[in-house]
Amino acid sequence: MKTVVVEVCGEPAPKGSRTVGRRKNGTIYTRPANPKEKGWQASVKAACDGLVLLDGPYDVEIKFRFTSPQKPKYSYPSRTDIDKLCRSTLDGIVAGGIITPDRPSYRDWE
């Protein structure tokens, strides 16, 4: 099995819901609800530049490092939904061309 390590600096942003809007001409569009999502995915994609496409199936291990909040709200560590963080990170890796998507892109449906 081939191992590739991708290290990305920055604050991970979760991939959450999408916000619906209407243009002046009446057409409807959607955009990410989290404004930091695109920046995080772009950082992950940039970190993948120069790496080659891997043959599937894939075994992916993701580690997130966060700074501790100065005034925690809870007695246990809580940042955000881990699955939403993984989704945005994996989307960046797919966009970076290291792995292929397991389904057609949502852009194909728009």
Side-chain angles (χ1 to χ4, degrees):
M1 177 184 273
K2 186 175 181 177
T3 301
V4 174
V5 177
V6 178
E7 197 165 322
V8 184
C9 296
E11 183 74 22
K15 181 173 186 144
S17 303
R18 297 189 63 84
T19 300
V20 178
R22 187 178 300 269
R23 295 183 183 93
K24 290 180 182 179
N25 64 4
T27 59
I28 295 174
Y29 68 90
T30 63
R31 63 174 170 76
N34 183 351
K36 296 179 181 181
E37 175 188 328
K38 283 186 178 183
W40 173 247
Q41 287 181 3
S43 296
V44 173
K45 179 181 176 182
C48 296
D49 281 348
L51 300 173
V52 297
L53 175 68
L54 300 173
D55 292 329
Y58 308 107
D59 184 16
V60 179
E61 180 179 324
I62 301 174
K63 295 180 185 181
F64 296 105
R65 296 182 190 140
F66 295 102
T67 56
S68 298
Q70 291 183 346
K71 296 180 181 179
K73 294 180 183 178
Y74 308 104
S75 60
Y76 54 89
S78 173
R79 233 355 146 150
T80 187
D81 239 349
I82 192 69
D83 63 322
K84 291 181 180 183
L85 285 172
C86 290
R87 278 192 289 161
S88 64
T89 303
L90 287 170
D91 283 352
I93 292 172
V94 168
I98 295 179
I99 62 176
T100 56
D102 58 350
R103 64 168 179 82
S105 172
Y106 68 87
R107 289 181 184 86
D108 295 340
W109 302 337
E110 290 181 351

- Phe64 versus Cys86: any side-chain heavy-atom pair under 4.5 Å?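 Counting from C-beta outward, Phe64 and Cys86 do come under 4.5 Å.
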
- Message: Quick one, Leu90 and Ile62 - any side-chain contact, counting heavy atoms below 4.5 Å?
- Response: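 Yes; the side chains approach each other to less than 4.5 Å.
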
Taking every non-hydrogen atom, the tightest pair across [X] and [Y]:
X: Ala47; Y: Glu7; value: CB-O, 3.9 Å
X: Arg23; Y: Ile28; value: NH1-O, 3.6 Å
X: Ala13; Y: Lys36; value: CB-O, 3.5 Å
X: Val8; Y: Val44; value: CG2-CA, 3.9 Å
X: Val6; Y: Cys48; value: CG1-SG, 4.1 Å
X: Lys15; Y: Arg87; value: O-NH2, 3.1 Å

- Task: Please identify each residue that fulfils side chain to side chain donor-acceptor pair (under 3.5 Å) with Asn25, with sequence neighbours left out.
- Result: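 So Asn25 forms a side chain to side chain donor-acceptor pair (under 3.5 Å) with Thr27.
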
- Task: Please name all residues satisfying side chain to side chain donor-acceptor pair (under 3.5 Å) with Thr100, sequence neighbours left out, ordered by chain then number.
- Result: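 Side chain to side chain donor-acceptor pair (under 3.5 Å) list for Thr100, sorted by chain: Tyr58.
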
- For Pro14, does its backbone N or O pair with a side-chain atom of Asn34 as donor and acceptor, under 3.5 Å?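 Yes, because the side chain of Asn34 sits within donor-acceptor range (under 3.5 Å) of the backbone of Pro14.
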
- Message: Within this structure, what is the CZ-CD distance for the pair Arg18 and Glu37, rounded to the nearest 0.5 Å?
- Response: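 Between atom CZ of Arg18 and atom CD of Glu37 there are 7.0 Å.
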
- Distance in Å, Lys45 NZ paired with Thr89 OG1, rounded so as to fall on 0.5 Å steps: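 Reported value, rounded in 0.5 Å steps: 15.5 Å.
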
- Message: With side chain to side chain contact (heavy atoms under 4.5 Å, CB included) as the test, pick out the partner of Ile98 among Asp49, Ile93, Val60.
- Response: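 Of the listed residues Asp49, Ile93, Val60, the side chain to side chain contact (heavy atoms under 4.5 Å, CB included) partner of Ile98 is Ile93.
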
